[in-house]
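Small disclaimer: the values here were computed from a predicted structure and weren't measured. Below, all heavy atoms of this structure are taken into account, side chains as well, without hydrogens, waters or symmetry copies.
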Amino acid sequence: QVQLVESGGGRVQSGGSLRLSCARSGRTKSAYAMGWFRQAPGKEREFVSAIAWIAGTTYYAESVKGRFTISRDDAKNTLFLQMDSLKPEDTAVYYCAAGAWTYYAGPTSPRAYDSWGPGTRVDVSS
């Protein structure tokens, strides 16, 4: 099992930036894939971004493409999500997830991830 802890959330005005971090520990060698998901009040959890930990291949939801950047620091075992040009509709609890993609569950599917962090809240005011 992989343990994940997110940090970096907070309140920011529209157009501002935040950088989320996700510290990994435990059996991290099995976590080939890492992702960020978010859940806004009253809505289902949705995919935001994902990265193949070794290859560095990245994926983004259309709603965040060009504004968010996912990256990782292998030496520090930490995943990042740089969020720029934030909008009120980005307000949500953001979750870090670890797992392995398969033919049946790819980067955007929550089913591909078996470890989840507790989440960090992001509030974007207009």
Side-chain angles (χ1 to χ4, degrees):
Q1 193 77 358
V2 180
Q3 287 77 49
L4 304 170
V5 179
E6 304 94 338
S7 61
R11 187 174 181 87
V12 64
Q13 287 190 330
S14 181
S17 298
L18 283 174
R19 189 191 196 202
L20 304 184
S21 299
C22 173
R24 313 189 322 164
S25 62
R27 295 184 176 182
T28 59
K29 288 185 178 180
S30 64
Y32 306 115
M34 297 292 297
W36 287 99
F37 289 76
R38 67 186 181 187
Q39 187 166 17
K43 294 187 178 181
E44 294 187 355
R45 190 170 298 190
E46 66 173 358
F47 168 76
V48 175
S49 183
I51 187 168
W53 191 263
I54 296 176
T57 311
T58 58
Y59 304 84
Y60 295 94
E62 284 298 322
S63 60
V64 307
K65 198 172 290 185
R67 300 188 298 121
F68 290 10
T69 304
I70 191 171
S71 62
R72 84 278 192 229
D73 185 327
D74 192 35
K76 295 183 179 180
N77 235 333
T78 303
L79 177 72
F80 301 101
L81 185 68
Q82 177 67 41
M83 305 187 296
D84 298 318
S85 302
L86 282 162
K87 304 175 181 180
E89 50 264 45
D90 294 319
T91 293
V93 176
Y94 283 71
Y95 299 92
C96 172
W101 303 327
T102 68
Y103 176 81
Y104 301 100
T108 67
S109 172
R111 294 184 291 111
Y113 304 90
D114 53 14
S115 296
W116 294 80
T120 185
R121 184 174 182 87
V122 172
D123 283 302
V124 185
S125 59
S126 57

_Rounded distance (nearest 0.5 Å) linking atom CG of Leu81 with atom OG of Ser21_ = 9.5 Å
*asked:* Do Arg38 and Ser63 have side chains that approach each other closer than 4.5 Å (heavy atoms only, starting at C-beta)?
replied: yes
*Same cluster for Trp116 and Val48 if Ile/Leu/Val/Met/Phe/Trp/Tyr side chains link at under 4.5 Å?*
no
Table please: side-chain donor-acceptor pairs of residues 5-15 below 3.5 Å, with sequence neighbours left out.
residue : atom : partner : partner atom : Å
Glu6    : OE1  : Gly119  : N            : 2.8
Glu6    : OE2  : Cys96   : N            : 2.8
Glu6    : OE2  : Gly119  : N            : 3.2

*asked:* Strictly distance-based, threshold 3.5 Å: is any side-chain N or O of Ser49 a donor or acceptor partner for the main-chain N or O of Tyr59?
replied: yes
*Could you state whether Leu79 and Val64 fall into the same hydrophobic cluster, counting links through intermediate Ile, Leu, Val, Met, Phe, Trp or Tyr residues with side-chain heavy atoms under 4.5 angstrom apart?*
yes
*Answer whether the closest heavy-atom distance between the side chains of Trp53 and Asn77 falls below 4.5 Å.*
yes
*Of all the heavy-atom pairs spanning Ala112 and Ala105, show the shortest one and how long it is.*
CB-O, 3.4 Å
*Is any side-chain heavy atom of Trp36 less than 4.5 Å from a side-chain heavy atom of Met83?*
no
*Closest approach of Tyr104 and Arg111, non-hydrogen atoms and distance?*
O-NH2, 3.3 Å
*Leu18 versus Phe68: any side-chain heavy-atom pair under 4.5 Å?*
no
*Heavy atoms only: give me the nearest Tyr60-Thr69 pair and the separation to one decimal.*
OH-CA, 3.4 Å
*Does any N or O in the side chain of Ser109 come within less than 3.5 Å of the main-chain N or O of Gly106, such that one atom is a donor and the other an acceptor?*
no
*Just jot down the ring pair (Phe, Tyr, Trp, His ring centres under 6.0 Å) partners of Phe80, sequence neighbours excluded, or say none.*
none
*Any residue meeting side-chain contact (heavy atoms from CB on, under 4.5 Å) with Ser25, in chain and number order, not counting sequence neighbours*: Gln3
*Is it true that a side-chain atom of Arg24 and a backbone atom of Asp74 form a donor plus acceptor pair closer than 3.5 Å?*
no
*Say whether Asp84 and Ser17, considering side chains only, have a donor N or O and an acceptor N or O under 3.5 Å apart.*
yes
*What heavy-atom pair brings Tyr94 and Leu20 nearest, and what distance separates the two atoms?*
CB-CD1, 3.6 Å
*What pair of heavy atoms forms the shortest contact from Asp90 to Ser85, and how long is it?*
OD2-O, 4.4 Å
*Does Ile51 offer a backbone N or O that forms a donor-acceptor pair with the side chain of Thr58 under 3.5 Å?*
no
*Minimum-distance pair of heavy atoms, taken over all atoms of Leu4 and Met34*: CD2-CE, 4.0 Å
*Flag the pair Phe37 / Tyr113 as yes when their ring centroid distance falls below 6.0 Å, and as no otherwise.*
yes
